[in-house]
Amino acid sequence: MGASGADGATAAGPVERISVGDALQLATDVGPVPMNIGALLTLGPGASASHVEQTLQRRAGKIYRLRQVLVSPPPGLGRAYWTDDVAFDARSHVTSQPLPGSGDEDRLLASAVDAVTRPLPRDLPLWRAVVLGHEGGEAAAVVVVLHHVLTDGIGGLAVLDRLVDGGEPGTAPAGASRGAAPGIRDLLSDRAREIARGLRGPSSTASRLRRGAAELGTRRLLRAPATSLNRATGPHRRISVVSVDLDAVHEATRRHGATVNDGVLVAVTGAMAEVLRRRGEHVRELVVSVPVSARAHTTGGDLGNRVGVMPVRVPLSGSATERLEAVATLTRVQKTQTRGASAALVGPAFRLVAATGLFTRFINGQQLVNSFLTNLPGPRRELTLAGVPIRRIVPVTTTAGNIGVSFAALSYAGSLTVVAMTDPEVVPEIGLLTTSLRRELEALVGARTMHP
């Protein structure tokens, strides 16, 4: 990362530090796959790849956070901070590449995975966009990639909202620094104020810790079942996609007092269980970690991470509806009034492990969860980009450690898309996993609602 400003330089405003949640994402980015999040936007016909590329370059350059670099100050001067990239050029971040071969579904997904799993240069703004074009020059899709320190999933949707047609550029958050980078004295003063605020609020800190323990369900936080899906992962990833009618999922889950997320939990664990049964492994439950956001929305100028985690022990016995009702009961108990409160517990613990240099060993041997599931509410209406419709949005999230398969779900324009991301060395049965996931969703909502 870049160095801090010269001693004595005066910033135009307060130091814009990354949050505690952002610091966690930065400290734990030590695995073979970078901590990036992304989305594949498949486009309708009618726009050239060069036109889409130029449109994205123009709009991305107007988004406040996408023009900034992350700077790590000297030890003792607090967390990293954002400052303007004086040499920012959107053309360095938005590029085009041709789709190999016929540009079919598998090639699109493979290109998206490649874009998301390539590290982002730390001395530049932490994002990229890749326009995928057909051989004739027509745009087929766009992959948007953001480092997780820049934002969480909801923030990523806010960035997308600024890039599509009709979006407005994000504004800087209140009090954000503009102009010269902070100097040593600025950083020292800001750090002193931060320490003083912490000393004034011990009771609120204790309250956050109590709420975080409730969200984590620490009394139920036991070892997850040991499975062959939980082995140390490498640098390679594959994804597969299943889509289902969103209204059908809403209706099916609501009848049983459950949420869409509860239904997806049942489906993904059912698919994992089928893979394990084929391997001769039989478990009664699986533990899935579900991110819990502390906010319902954000803007292009208010990004960062405000996310906790909620591990859910999902039973595998019984019918799909019986498992759904059981999961709904479990998640209702674990949810708290202050969403995302568990970050107050998880963040410091993970940063401490990362500081010792043992985080990779920790996540490769962790026995707390079997998988991760991220579920995001996307735009309800169909969006357009450069004048052509965005047919589908496929979320692409990465995990490290010994999580051989993880899942991401996103609703968009009446469809719910569920993505399985695997390390093919740990989970080579991608076809079986996808077929089983489709079957589990059919069991919840009925085969007639499934999309091809």
- Closest non-hydrogen atoms of Thr397 and Ala408, given as atom of the first, atom of the second and distance, are OG1-CB, 3.8 Å
- Task: Report the distance from atom CG of Leu410 to atom CZ of Arg392, rounding to the nearest 0.5 Å.
- Result: 11.5 Å
- Straight-line distance of Leu432 CG to Ser240 OG, nearest 0.5 Å: 10.5 Å
- Item | SB check Arg59 Asp165 (cutoff 4.0 Å) | yes
- If you round to the nearest 0.5 Å, how far is CG of Leu229 from CE of Met272? 5.0 Å
- Rounded to the nearest 0.5 angstrom, the CZ-OG1 distance for Arg128 and Thr95 is 8.0 Å
- Message: With a 4.0 Å cut-off on N to O distance, would you call Glu16 and Arg65 a salt bridge?
- Response: yes
- Task: Report yes if the side chains of Leu157 and Asp161 come closer than 4.5 Å at any heavy-atom pair, otherwise no.
- Result: no
- Assess whether side chain to side chain contact (heavy atoms under 4.5 Å, CB included) is satisfied between Val242 and Val244, documenting all intermediate values. CA-CA 7 Å; Val242 177; Val244 61; 5.8 Å; no
- Worked verdict on Asp245 versus Leu416 for side chain to side chain contact (heavy atoms under 4.5 Å, CB included): CA-CA 6 Å; Asp245 184 85; Leu416 177 68; over 6 Å; no
- Query: Should the pair Glu251-Arg254 be classified as a salt bridge under the 4.0 Å nitrogen-to-oxygen rule?
  - Reply: no
- Message: Strictly distance-based, threshold 3.5 Å: is any side-chain N or O of Asn370 a donor or acceptor partner for the main-chain N or O of Leu286?
- Response: no
- Could you pull out the closest heavy-atom pair between Pro395 and Val419, with the gap in Å? O-CG2, 3.5 Å
- Task: List in chain and number order the residues that pass side chain to side chain donor-acceptor pair (under 3.5 Å) with Asp114, two or more places apart in sequence or in another chain; answer none if no residue qualifies.
- Result: Arg118
- Task: Report yes or no: does Thr398 contribute a side-chain atom to a donor-acceptor pair with the main-chain N or O of Pro34 at less than 3.5 Å?
- Result: yes
- Message: More than 12 heavy atoms of other residues, nucleotides or ligands under 6.0 Å from CZ of Arg238: yes or no?
- Response: no
- Do side-chain atoms of Arg17 reach the backbone of Arg79 as a donor and acceptor pair under 3.5 angstrom? yes
- Message: Please tell me whether Gln68 and Thr83 have a donor and an acceptor in their side chains that are separated by less than 3.5 angstrom.
- Response: no
- Query: Between His147 and Val149, is there a donor-acceptor pair closer than 3.5 Å when you use the side chain of the first and the backbone of the second?
  - Reply: yes
- Does Arg284 reach the side chain of Pro225, with side-chain heavy atoms less than 4.5 Å apart? no
- With sequence neighbours left out, write down each residue that passes side chain to side chain contact (heavy atoms under 4.5 Å, CB included) with Ala326, or none if nothing qualifies. Pro315
- Just by distance, do the side chain of Tyr412 and the backbone of Arg391 share a donor-acceptor pair under 3.5 Å? no
- The reported gap from CD in Glu285 to OG in Ser317 (rounded to nearest 0.5 angstrom) is 9.5 Å
- Item | By salt bridge (Lys or Arg N to Asp or Glu O under 4.0 Å) - contacts of Glu325 (at least two apart) | none
- Spell out, as yes or no, whether a donor-acceptor pair under 3.5 Å connects the side chain of Ser406 to the backbone of Phe372. no
- Task: Report yes if some heavy atom in the side chain of Leu70 is under 4.5 Å from a heavy atom in the side chain of Leu150; otherwise report no.
- Result: no
- Message: With side chain to side chain contact (heavy atoms under 4.5 Å, CB included) as the criterion, how do Leu56 and Leu163 come out once you've worked through the C-alpha distance, each side chain's angles and the decisive distance to 0.1 Å?
- Response: CA-CA 6 Å; Leu56 289 172; Leu163 295 176; 4.2 Å; yes
- Are a donor atom and an acceptor atom from the side chains of Ser243 and Thr417 found within less than 3.5 Å of each other? yes
- May I ask you to decide if Ser19's main-chain N or O and Asp22's side chain share a donor-acceptor pair within less than 3.5 Å? yes
- Task: Output all residues satisfying salt bridge (Lys or Arg N to Asp or Glu O under 4.0 Å) with Asp106, sequence neighbours left out; order by chain, then residue number.
- Result: none
- Indicate yes or no for a side-chain donor-acceptor contact from Tyr81 to the backbone of Pro73 under 3.5 Å, with no hydrogens or angles considered. no
- Sequence neighbours excluded, which residues qualify as salt bridge (Lys or Arg N to Asp or Glu O under 4.0 Å) partners of Arg231? none
- Any donor-acceptor pair under 3.5 Å linking the side chain of Gln97 with the backbone of Gly133? no
- Task: Carefully, step by step, assess Val396 and Ile37 under the rule side chain to side chain contact (heavy atoms under 4.5 Å, CB included).
- Result: CA-CA 6 Å; Val396 185; Ile37 60 174; over 6 Å; no
- Message: Distance alone, cut at 3.5 Å: any donor-acceptor contact between the side chains of Gln57 and Arg91?
- Response: no
- Item | Residue pairs fulfilling salt bridge (charged side-chain N to carboxylate O under 4.0 Å, His left out) with at least one residue in residues 414-427, sequence neighbours excluded | Arg237-Asp423
- Within-4.5 Å side-chain heavy-atom neighbours: Ile393 and Leu40: no
- salt_bridge(Glu274, Arg278) N-O dist < 4.0 Å: yes
- Message: Is it true that Thr227 and Glu281 share a donor-acceptor pair across their side chains at a distance under 3.5 Å?
- Response: no
- Query: What pair of heavy atoms forms the shortest contact from Leu444 to Gly263, and how long is it?
  - Reply: CD1-O, 3.3 Å
- Message: Using side-chain heavy atoms (C-beta onward) and a distance below 4.5 Å, is Val130 in contact with Val142?
- Response: no
- State, yes or no, whether a side-chain contact exists between Leu126 and Leu146 at a heavy-atom distance under 4.5 Å. no
- Task: Check Leu316 against Thr269 and note the closest heavy-atom contact, atom names and distance.
- Result: CD2-O, 3.8 Å
- Item | Output field: ring centroids Trp127/His93 closer than 6.0 Å | yes
- Query: Under a 4.5 Å cut-off applied to non-hydrogen side-chain atoms, are Thr253 and Thr259 in contact?
  - Reply: no
- Given Ile403, Ile239, Leu433, the one that forms side-chain contact (heavy atoms from CB on, under 4.5 Å) with Thr422: Leu433
- Message: I'd like to know if the side chain of Gln366 reaches the main chain of Val369, judged simply by a donor and an acceptor atom lying under 3.5 Å from each other, with no hydrogens or angles considered.
- Response: yes
- Message: So if I apply the side-chain contact (heavy atoms from CB on, under 4.5 Å) rule between Val33 and each of Thr399, Val113, Thr233, Thr117, which one comes out positive?
- Response: Thr117
- Is the shortest distance from a Lys or Arg side-chain nitrogen in Asp29 or Arg122 to a carboxylate oxygen in the other one below 4.0 Å? yes
- Side-chain donor-acceptor pair present, Asn375, Asn261, cut-off under 3.5 Å: yes
- Grab the two heavy atoms, one from Gly404 and one from Val426, that are nearest each other, plus how far apart they are. CA-CG1, 3.9 Å
- Over all heavy atoms of both residues, which pair between Ala400 and Gly31 is shortest? Give the atoms and the distance, please. CB-CA, 4.5 Å
- Message: Once rounded to the nearest 0.5 Å, what's the spacing between atom CG of Leu41 and atom CD1 of Ile390?
- Response: 5.0 Å
- Message: For Glu440, is there an ion pair with Arg323 - N to carboxylate O distance below 4.0 angstrom?
- Response: yes
- Query: Do Ser228 and Leu276 have side-chain heavy atoms sitting under 4.5 Å apart?
  - Reply: yes
